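Report on the following structure.
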Amino acid sequence: MKSFSIKLFLVPRRASSLPSTATSFTSQCRPTSHLFDEIPHLDHDPCRFNALLSYHVRAGEPAFALQLFQQMRSLGVPLDSYSFPPVLSACSTSQASGRQVHALMLKFGCISSPITATSLLDMYSSNSPINDVLSVFDEMLEKDTVAWNALLSSLITHGLAADAFAAFRSMVSSRVYFNGFTLCSLLKACVALRALNKGRQIHAWVIVTAYDSLVMATALVALYSSVGQVEAAMEVFNGLESPKDLAIFNALANACVKNGRFNDVFELLVKVKPLDERMLTSAITACSESFNLAYGKQTHCIILRYGLQLDTILCNALINMYSKCGDLHSAHLVFTRIEKKNVASWTSIIDSYGSHGRGNEALTLFQRMEEEEVSCSVLPNAVTFLSVLSACSHSGMVNEAKECFFLMKDKYAIDPGPEHYACLIDLLGRAGKVEEAWDLFCSLYESRNGLTSSVCVAMLNACTVGMDFAKGDEVAKHLLKLGTPNSSNYVQVSNFYGAFGRWLGVEELRTGFSRRGLKKQFGTSHVAV
DNA sequence: TTAGGGTTAG
């Protein structure tokens with residue numbers, strides 16, 4: 001309890017947002033006083049307690065809010081519709097506490113107000129499956145704009161962007177007005193679906209309805225960025241008359257990274273002060289993508305100067321940057337210093353060793369991850385397994401790759417995707433095990449994943465290495481039937497026929513290639529000067 | 001009570 005008072009005294013900025021009743025209460029506290037020693041002075045007044053609950057939630061102290069709520073219960077303070085929104089917000093990470101509060105809402109008859117019901121929906125949205133959210137929404141007596149907005153937001157959070165659009169249509173047909181929050185959520189759904197046309201329509205609504213704001217502009221920058229329209233993103237950014245905040249600068253920096261405008265990111269980095277984790281993550285990613293170790297090291301120095309070296313996501317980006325720029329030693333050093341390693345940290349370092357041809361070390365790291373899984377509860381995911389498989393592939397470790405493939409299915413219940421199959425088929429092919437690769441390839445016919453072009457390309461290479469024309473010919477025809485407008489597919493098929501001296505086939509392919517307007521992409525090398 | 005910006009493969 002001692003830290004409660006100290007925290008308040010150390011953060012004067014937050015004290016300004018303190019409700020007046022709570023201010024008077026906290027001003028009575030001595031720096032070392034105990035919170036609940038003071039509670040009798042609140043006279044069991046629910047208004048004062050509710051104000052204090054809200055204050056703790058806004059100050060980012062949900063644990064204090066929950067303690068206070070428990071104290072209110074034991075003191076017999078009557079709960080009303082103002083008590084529940086803040087306490088539900090404090091339950092966002094605990095489903096069990098949230099359900100208890102839900103029960104109390106029913107007991108105190110505070111479920112019918114749209115405000116408390118929306119808070120309840122929001123709580124389930126942050127810690128429960130979507131069905132719980134939908135149940136709350138269905139049972140709401142009055143579904144106003146805010147309730148619908150909360151539902152849309154929840155659907156998007158649960159990865160159901162297409163359903164968010166369906167919900168929006170129901171909202172409109174229920175004659176509920178939409179507002180700027182609604183449009184903002186729809187823009188986020190467009191980002192998830194990469195839906196440029198829908199996004200443009202919403203942009204038009206934003207202009208027509210004059211719901212333009214910094215938040216809306218940021219969502220628009222994210223939209224245009226996600227579909228590769230960086231010029232449109234810049235137009236939104238430059239057209240803003242109001243002062244810009246860090247979020248919109250970060251959104252634009254991210255747009256530049258995703259669209260290969262690396263120098264623009266470095267220019268933004270100079271303009272923005274102070275920098276935060278997100279802006280620096282974009283800068284580090286720009287260094288990775290442009291293989292610019294010198295800028296990467298300078299940005300790392302800025303990170304140290306800002307004292308942000310403990311941020312896990314930023315460190316993951318640093319591991320990736322050092323690895324891509326060839327400095328595996330620094331990548332490892334960053335990894336060892338991460339206090340809270342997450343699945344991306346482990347995946348990044350495994351991939352670093354794997355892509356540098358250090359398959360054994362990559363596998364050792366994966367085993368360490370599995371050992372630490374019990375204490376740190378960090379589980380490998382599909383990307384981790386792809387990194388392990390890729391590490392085995394780069395080092396020709398066939399048996400280890402096969403073990404990993406089955407471990408993924410049997411122990412972790414992760415369905416291998418086409419990319420996992422492609423990696424394993426590629427490895428088997430290069431090891432001359434065409435029959436084994438073929439069995440895997442055929443098993444994909446039966447699975448729902450289907451045969452993607454990357455799987456076909458891997459199998460085609462296996463047939464080229466193993467000089468198996470019959471199988472390769474079948475795969476080549478399937479690959480061309482997929483109709484993926486990818487010049488490298490044509491090149492692979494052409495090389496396959498060339499390897500067997502079937503030059504007529506090669507000629508035909510090259511003609512078809514030019515007719516479709518495809519151009520061969522040349523390989524590039526990078527030299528930092 | 002509802003809305004915006006970051007990391008991991010090939």
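Order of the sequence lines sets the chain letters (A, B, ...), proteins ahead of strands, with each chain counted from 1. Excluded from the calculations below are hydrogen atoms, water molecules and symmetry mates; all remaining heavy atoms, backbone and side chain alike, are included. Predicted model only: the values in this text are computed from it and were never measured.
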Candidate nucleotides [options], ranked by approach to the side chain of [X] - the nearest:
{"X": "E419(A)", "options": "dA9(B), dT2(B), dT1(B)", "answer": "dA9(B)"}
{"X": "F181(A)", "options": "dA3(B), dT7(B), dG4(B)", "answer": "dA3(B)"}
{"X": "C184(A)", "options": "dA3(B), dG5(B), dA9(B)", "answer": "dA3(B)"}
{"X": "A150(A)", "options": "dT7(B), dG6(B), dT2(B)", "answer": "dT2(B)"}
{"X": "T118(A)", "options": "dT1(B), dT8(B), dA3(B)", "answer": "dT1(B)"}
{"X": "S213(A)", "options": "dG5(B), dA3(B), dT8(B)", "answer": "dA3(B)"}
{"X": "V146(A)", "options": "dT8(B), dT1(B), dG5(B)", "answer": "dT1(B)"}
{"X": "H394(A)", "options": "dT1(B), dG10(B), dG6(B)", "answer": "dG10(B)"}

Take atom [atom1] of [X] and atom [atom2] of [N], then tell me their distance rounded to the nearest Å.
{"X": "H356(A)", "N": "dG10(B)", "atom1": "NE2", "atom2": "P", "result": "12 Å"}
{"X": "F249(A)", "N": "dG6(B)", "atom1": "CZ", "atom2": "P", "result": "16 Å"}
{"X": "F137(A)", "N": "dT2(B)", "atom1": "CZ", "atom2": "C1'", "result": "12 Å"}
{"X": "L214(A)", "N": "dG4(B)", "atom1": "CG", "atom2": "C1'", "result": "8 Å"}
{"X": "L240(A)", "N": "dG4(B)", "atom1": "CG", "atom2": "P", "result": "17 Å"}
{"X": "W205(A)", "N": "dA3(B)", "atom1": "CH2", "atom2": "P", "result": "20 Å"}
{"X": "M216(A)", "N": "dA3(B)", "atom1": "CE", "atom2": "C1'", "result": "8 Å"}
{"X": "F168(A)", "N": "dA3(B)", "atom1": "CZ", "atom2": "P", "result": "17 Å"}

Between D132(A) and N127(A), a side-chain donor and acceptor under 3.5 Å: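 There is no such pair between these side chains.
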Under a 3.5 Å cutoff, is there a donor and acceptor pairing between the side chains of S128(A) and R99(A)?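 No donor-acceptor contact under 3.5 Å links the two side chains.
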Parallel, tilted or perpendicular: which describes the rings of H332(A) and Y353(A), with under 30° parallel and over 60° perpendicular?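 The arrangement is perpendicular - the two ring planes meet at more than 60°.
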Do the ring planes of F249(A) and F237(A) sit parallel (below 30°), tilted (30 to 60°) or perpendicular (above 60°)?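 F249(A) vs F237(A) ring planes: perpendicular.
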Classify [X] by what it touches in the nucleic acid, base, sugar-phosphate, or nothing, heavy-atom distance under 4.0 Å.
{"X": "I319(A)", "answer": "nothing"}
{"X": "L152(A)", "answer": "nothing"}
{"X": "D144(A)", "answer": "nothing"}

Any [X] side-chain nitrogen or oxygen under 4.0 Å from OP1 or OP2 of [N]:
{"X": "N254(A)", "N": "dG6(B)", "answer": "yes"}
{"X": "S153(A)", "N": "dA3(B)", "answer": "yes"}
{"X": "K188(A)", "N": "dG4(B)", "answer": "yes"}

Regarding [N], can its base be found pairing with the side chain of [X] as donor and acceptor, where the two atoms are less than 3.5 Å apart?
{"X": "N316(A)", "N": "dG6(B)", "answer": "no"}
{"X": "D311(A)", "N": "dG6(B)", "answer": "yes"}
{"X": "D276(A)", "N": "dG6(B)", "answer": "no"}

With heavy-atom distances below 4.5 Å as the criterion, would you say the side chains of R337(A) and Q309(A) are in contact?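 No, too far: nothing below the 4.5 Å cut-off.
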Please list, chain by chain and in numerical order, all residues satisfying side-chain contact (heavy atoms from CB on, under 4.5 Å) with S135(A), sequence neighbours excluded.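 Once residues adjacent in sequence are excluded, S135(A) has no partner under the side-chain contact (heavy atoms from CB on, under 4.5 Å) criterion.
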